[in-house]
Every structure is written in structure tokens, then in C-alpha cells.
Amino acid sequence: MKKLILAAMTASLFATPMAASAQSRTVIKEKPGRTVVVQKDGRGHKVTRTVVRQQPARYAKWQRGQRFDRNRAPNYRQIDYRAYRQRGVYAPPRGYQWVQSGNDAVLVAIASGLIGAVIGGAIAN
């Protein structure tokens, strides 16, 4: 019985460091949006893999004369100027429309996409 218990204890002592080393990770390089990780598999061989992280979306600060890109506008939607008249949004000229980009109201030419005016914070609650 003593031999069985002694053999079990010895096996657990040798198995614990091997299991811990198999799960260890070492970060080699960390760049914006990418990390290279080296892992050891159960046999002690190194396995390299690259982990790619999603970059947060970069939103634009709009200025008059720029070309409006709806993909860079958070909360993009067309807005009715009558609902925001008290906040400085006026009736759009012919060929223009008001759109929302974040909390800003942006006056955009329909045909060319050029920005005619930006009213910051017009949509904020």
C-alpha cells in the first residue's frame, strides 16, 4: 500500500511542472492590432501563432469643404431639420440634406458629397 501511495505522489510531482509549462505563454511582439504568441504544446515543441485584435473605428471630425464618407460617421442617418430648428439647424438649400454624424448635424451636398456646414452638438440630448 505504501508503494502505491509513494508512486502516486511521485507521479503527481512530475506531472505538475509539465502541465504548467505546457500552458505557459510568452508574448514575443506586440504591435497595434497584432500580438505574436509562442506556446509550448504537450511534447515541449514551440508553436507560434499570431493573434489579431479588432481596431476601434476611427471617426472623423468633419469640416466644411471635406468630402463626407458615411462609413466614418457614427450614428449616421438623415435627419429632419424641423426637429432641430431651435438648435441652429435650418432648412437645407436645394441639392443638400442634413445628416447625423455622432452628435453633429452635417449639411451634405447630395450629388458630390461635399460638406457645406457642420453644427456641433446639435443632436445631443
Side-chain angles (χ1 to χ4, degrees):
M1 187 67 168
K2 289 182 183 179
K3 289 183 182 180
L4 181 65
I5 294 173
L6 185 62
M9 288 176 52
T10 306
S12 69
L13 287 175
F14 286 117
T16 304
M18 292 174 62
S21 67
Q23 294 178 359
S24 65
R25 289 182 158 188
T26 305
V27 176
I28 301 295
K29 288 184 184 176
E30 190 158 342
K31 295 182 178 180
R34 184 171 61 130
T35 303
V36 177
V37 179
V38 174
Q39 292 180 319
K40 291 183 180 179
D41 61 2
R43 295 174 285 176
H45 295 94
K46 290 183 178 180
V47 178
T48 304
R49 68 185 181 107
T50 302
V51 179
V52 179
R53 292 186 302 268
Q54 181 88 17
Q55 289 285 339
R58 303 189 106 196
Y59 297 122
K61 292 186 177 182
W62 304 112
Q63 294 179 355
R64 186 175 179 199
Q66 286 182 333
R67 187 168 305 277
F68 184 79
D69 182 13
R70 69 193 298 181
N71 295 326
R72 293 177 52 208
N75 303 331
Y76 171 81
R77 67 181 178 98
Q78 294 181 4
I79 59 173
D80 183 17
Y81 70 94
R82 288 172 241 141
Y84 302 101
R85 188 174 291 166
Q86 71 278 6
R87 297 188 183 175
V89 180
Y90 50 88
R94 184 180 299 243
Y96 284 82
Q97 66 181 0
W98 285 104
V99 296
Q100 177 180 351
S101 175
N103 291 333
D104 302 336
V106 184
L107 183 65
V108 179
I110 296 171
S112 64
L114 291 178
I115 297 174
V118 178
I119 300 176
I123 313 297
N125 292 334

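On a predicted model such as this, the values are computed, not experimentally measured, just so you know.
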(message) Please verify the inter-ring angle class for Tyr90 with Trp98; under 30° counts as parallel, over 60° as perpendicular, anything in between as tilted.
(response) perpendicular

(request) Kindly write out the residues that satisfy side-chain hydrogen bond (donor to acceptor under 3.5 Å, both in side chains) with Gln97, not counting sequence neighbours, or none if the list is empty. (result) Gln78

(message) What I'd like to find out is whether the side chain of Pro93 reaches to under 4.5 Å of the side chain of Leu107, using heavy atoms alone.
(response) yes

(request) Kindly write out the residues that satisfy side-chain hydrogen bond (donor to acceptor under 3.5 Å, both in side chains) with Tyr84, not counting sequence neighbours, or none if the list is empty. (result) Arg77

(request) Identify the heavy atoms of Tyr96 and Leu114 that sit nearest to each other, and give their distance. (result) CE2-O, 4.4 Å

(request) With rounding to the nearest 0.5 Å, note down the distance linking CD in Gln100 to CG in Asp80. (result) 12.5 Å

(request) Working to the nearest 0.5 Å, report the span between CH2 of Trp62 and CG of Asp69. (result) 5.5 Å

(message) Looking at every non-hydrogen atom in both residues, tell me the closest pair between Ala105 and Val89 and how far apart they are.
(response) CB-CG2, 3.9 Å

(request) Consider only side-chain heavy atoms of I, L, V, M, F, W and Y, link residues closer than 4.5 Å, and tell whether Val118 and Val99 are in one cluster. (result) yes

(message) Is it the case that the side chain of Arg64 and the backbone of Gly116 share a donor-acceptor pair, with hydrogens and angles ignored and the cut-off at 3.5 Å?
(response) yes

(request) State whether the side chain of Asn75 and the backbone N or O of Ser101 hold a donor-acceptor pair below 3.5 Å, judged by distance alone. (result) no

(message) Applying a strict under-4.5 Å side-chain criterion to I, L, V, M, F, W and Y, I'd like to know whether Ile119 and Ile79 cluster together.
(response) yes

(request) Using the test side-chain hydrogen bond (donor to acceptor under 3.5 Å, both in side chains), find all partners of Gln86 that sit at least two apart in sequence or belong to another chain. (result) none

(request) Evaluate whether atom OH of Tyr81 has more than 12 neighbouring non-hydrogen atoms of other residues, nucleotides or ligands under 6.0 angstrom away. (result) yes

(message) Does any part of the side chain of Ser112, heavy atoms only, come nearer than 4.5 Å to the side chain of Arg67, both counted from C-beta?
(response) yes

(message) Quick check: closest heavy atoms across Arg87 and Ile123, and the distance to 0.1 Å?
(response) NH1-C, 3.7 Å

